[in-house]
Amino acid sequence: MCGIVGYIGSKTASGILLEGLKRLEYRGYDSAGLAIINDGGLVIEKAVGRILNLEKKVGPIFGSATVGIAHTRWATHGAPTETNAHPHLDHSGKIALVHNGIIENYASLRKYLEAQGVGFESETDTEVLAKLIGHFYTGDNLEQAVRSALSEVQGTYGIAVICADQPDRIIAARKGSPLIVGIGKNEYIVASDASAIIEHTNQVIYLSDGEMAIVSREGFRTITLDAVPVTKDVQQVEWKLEQIELGGFEHFMLKEIFEQPESVRMCMRGRVNLREGTIHLGGIANYARELTRAHRFVFTACGTAWHAGLVGEYLFEDLARIPTETEYASEFRYRNPVLDDGTVICAISQSGETADTLAALREARDKGALGIGIVNTVGSTIARETDAGVYLHVGPEIGVASTKAFTGQVTVLAMLAAFLGRRKHLSPANFQNFICALDQIPGQIEKVLEQSGEIRRVAEKLAGRENWLYLGRGYNYPVALEGALKIKEISYVHAEGMPAAEMKHGPIALVNKGMPAVFIATHSSQYDKILGNIEEVKARGATTVAVITEGDSEICRQCDFCFTVPKTIEPLEPLLTIIPLQLLAYHVAVLRGCNIDKPRNLAKSVTVE
Ligand code: M6R
């Protein structure tokens with residue numbers, strides 16, 4: 001949520017900042033701005049909307065500066081206007097600040113500053129912090145002024161600050177919002193995530209909460225907010241540039257849907273060993289005993305990751321026979337959950353930065369639970385705050401609508417459930433069957449993807465419909481939820497996902513002629529039941545779409561449209577059945593003219609509660 005980039009070196013800062021903003025645009029995209037230091041003064045430009053609008057306004061005066069900061073915004077306080085866009089300035093106009101996060105006590109700080117005669121232009125919490133830094137600044141103490149201001153602040157921040165009096169440095173600090181320093185050759189890039197950095201260097205340091213970096217052309221220092229020096233390890237980012245580029249696809253979402261055969265393979269690589277009949281998960285190896293002995297698992301997550309957690313709940317109970325619950329992170333943390341030594345809290349998150357998930361994890365660990373993470377972004381806060389964990393290794397996910405992260409999360413949960421199951425009571429033969437089925441999934445996803453053209457033709461018929469139902473049972477109930485989320489977040493149609501049987505308890509009242517009802521109706525244990533549910537909505541005029549198992553002619557005859565998935569074992573079906581639903585959402589959104597990778601009102605990484 002919001003993207004920050006700062007550059008100091010010998011190259012033209014504005015070019016690198018604008019490129020960095022484009023890479024970070026998926027984090028927020030309602031307005032953007034940048035500030036550089038030129039001839040001893042700050043020069044600022046801002047624009048509403050996409051980075052391209054800002055780029056058009058950046059004139060030659062930006063050309064010679066070699067230090068600057070920039071920001072792409074997802075509005076929290078105040079509408080997306082130029083005035084509210086970052087950077088914000090202190091009262092003297094010498095200090096510029098970009099900020100990601102929320103200053104919770106901004107109203108009282110603003111009142112205090114106004115009483116001192118400080119005026120404000122914007123409605124933002126960020127401007128309050130900029131003015132507060134200026135309030136403490138006496139002309140030669142920028143670092144001290146930033147520390148003093150941050151000590152007054154409640155809330156979360158990732159910030160980058162420049163000052164016209166000290167054009168040789170950027171000051172960066174974080175609490176709750178990610179911040180990375182990329183280390184190049186006599187150049188440094190501060191950014192909210194690695195996508196703005198990897199074009200220039202793959203060497204980075206990750207700031208931790210309560211840390212600050214003072215970055216110059218010659219190097220950087222890291223300290224705590226109390227000015228105690230901190231030594232940081234330089235780490236290597238594994239992402240490749242091509243992973244964050246479109247590579248011939250029209251949208252990142254489509255690219256990432258099509259990457260899934262490979263991303264699921266990557267997720268299993270070096271972990272599932274068919275020949276030896278083992279699953280090796282290095283990230284949890286030291287905790288294998290505690291995990292096997294746990295008497296309860298709690299998965300906590302938001303959005304798509306929560307849906308993956310629901311699949312995980314079924315997998316864990318089925319394969320590992322461990323009582324498991326899946327909790328919305330935002331609810332879990334505030335309801336005083338009962339947790340003890342034998343409970344394992346498992347935070348699932350693509351970004352590893354989702355504020356609610358992080359808070360739930362912290363709450364549970366404070367209460368004595370062992371915390372593990374299922375995270376995609378290496379080095380992210382959740383990854384660093386867990387006792388152990390398993391990375392997805394599906395590569396960077398840029399599209400706001402999560403796709404390959406979901407299949408990666410389910411794959412990790414399947415491996416983890418089978419791993420624990422085998423250590424408890426799963427027989428070698430059943431375990432081997434399971435991993436053989438898992439091994440076939442990437443090739444099977446490839447087969448499902450071949451139907452993209454057919455799915456597009458169905459989308460053409462249905463794209464105008466405003467209300468959709470998604471229905472599934474058992475392992476495919478979370479898939480129904482995820483299918484509905486996909487279509488609503490990128491197509492802006494109303495969609496509800498639910499267990500197919502629940503429909504009769506109220507939602508069936510919504511069904512009218514032509515309403516698309518999408519069933520996940522594979523040939524599995526609840527097949528007959530779902531056939532009945534299909535009849536129920538057909539009788540009320542719904543247009544029926546079904547995801548079925550290859551070769552099932554019976555449902556094919558009954559439904560208006562069908563997409564097929566190859567036969568797999570029931571616990572792994574979500575890895576296949578979600579694919580047509582991702583494609584359906586994608587094609588409907590394209591046909592409705594929606595902005596696929598940057599859906600309205602959304603941002604990729606939700607770092608505010
Ligand atoms: O980064 P996370 O996995 O923690 O994000 C959680 C949700 O915000 C995310 O899955 C969201 O629901 C997606 N936009 C759904 O496509």
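Just so it is clear, the values below take in all heavy atoms, side chains as well, and ignore hydrogens, waters and symmetry mates. Counting convention: from 1, in listed order, for ligands and their atoms alike.
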### Message
Testing the 3.5 Å rule here: is there a donor-acceptor pair between the side chains of Asn202 and Lys240?
### Response
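Judged by distance alone, the side chains do not pair up.
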At what distance is the nearest protein heavy atom to [atom], and which residue and atom is it?
atom: atom 16 (O) of ligand 1; answer: Glu489 OE2, 2.4 Å
atom: atom 9 (C) of ligand 1; answer: Thr304 N, 4.1 Å
atom: atom 2 (P) of ligand 1; answer: Thr354 OG1, 3.2 Å
atom: atom 8 (O) of ligand 1; answer: Val606 CG2, 4.0 Å

### Task
Please test His280 against Phe419 for ring-ring contact (aromatic ring centres under 6.0 Å, His included), starting from the C-alpha separation and ending with a verdict.
CA-CA 8 Å; His280 174 73; Phe419 171 80; 8.3 Å; no
Please identify which atoms of ligand 1 are closer than 4.0 Å to at least one heavy atom of [X].
X: Val400; value: 13 (C), 14 (N), 16 (O)
X: Lys486; value: 15 (C), 16 (O)
X: Gln350; value: 1 (O), 2 (P), 3 (O), 4 (O)
X: Ala305; value: 3 (O), 10 (O)

### Query
Counting heavy atoms only, which of Cys302, Gly303, Ala401 is nearest atom 6 (C) of ligand 1?
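The residue whose heavy atom sits nearest atom 6 (C) of ligand 1 is Cys302.
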### Task
Return yes when Glu353 approaches ligand 1 closer than 4.0 angstrom through a heavy atom, no otherwise.
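Contact absent.
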### Message
Ser349 versus ligand 1: do any nitrogen or oxygen atoms come within less than 3.5 Å of each other?
### Response
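In this structure, Ser349 places an N or O atom under 3.5 Å from an N or O of ligand 1.
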### Close N or O approach (Ser351, ligand 1; < 3.5 Å)
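Such a contact does occur with ligand 1.
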salt_bridge([X], [Y]) N-O dist < 4.0 Å:
X: Glu460; Y: Arg457; value: no
X: Glu19; Y: Arg23; value: no
X: Arg362; Y: Asp209; value: yes
X: Arg333; Y: Asp356; value: no

### Query
Out of Gln409, Gln350, Lys486, which one pairs with Thr304 under the side-chain hydrogen bond (donor to acceptor under 3.5 Å, both in side chains) rule?
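Result: among Gln409, Gln350, Lys486, Lys486 is the only option passing the side-chain hydrogen bond (donor to acceptor under 3.5 Å, both in side chains) with Thr304.
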### Query
Is the distance between the ring centroids of Phe316 and Phe299 less than 6.0 Å?
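Between Phe299 and Phe316, which both carry aromatic rings, the centre distance is below 6.0 Å.
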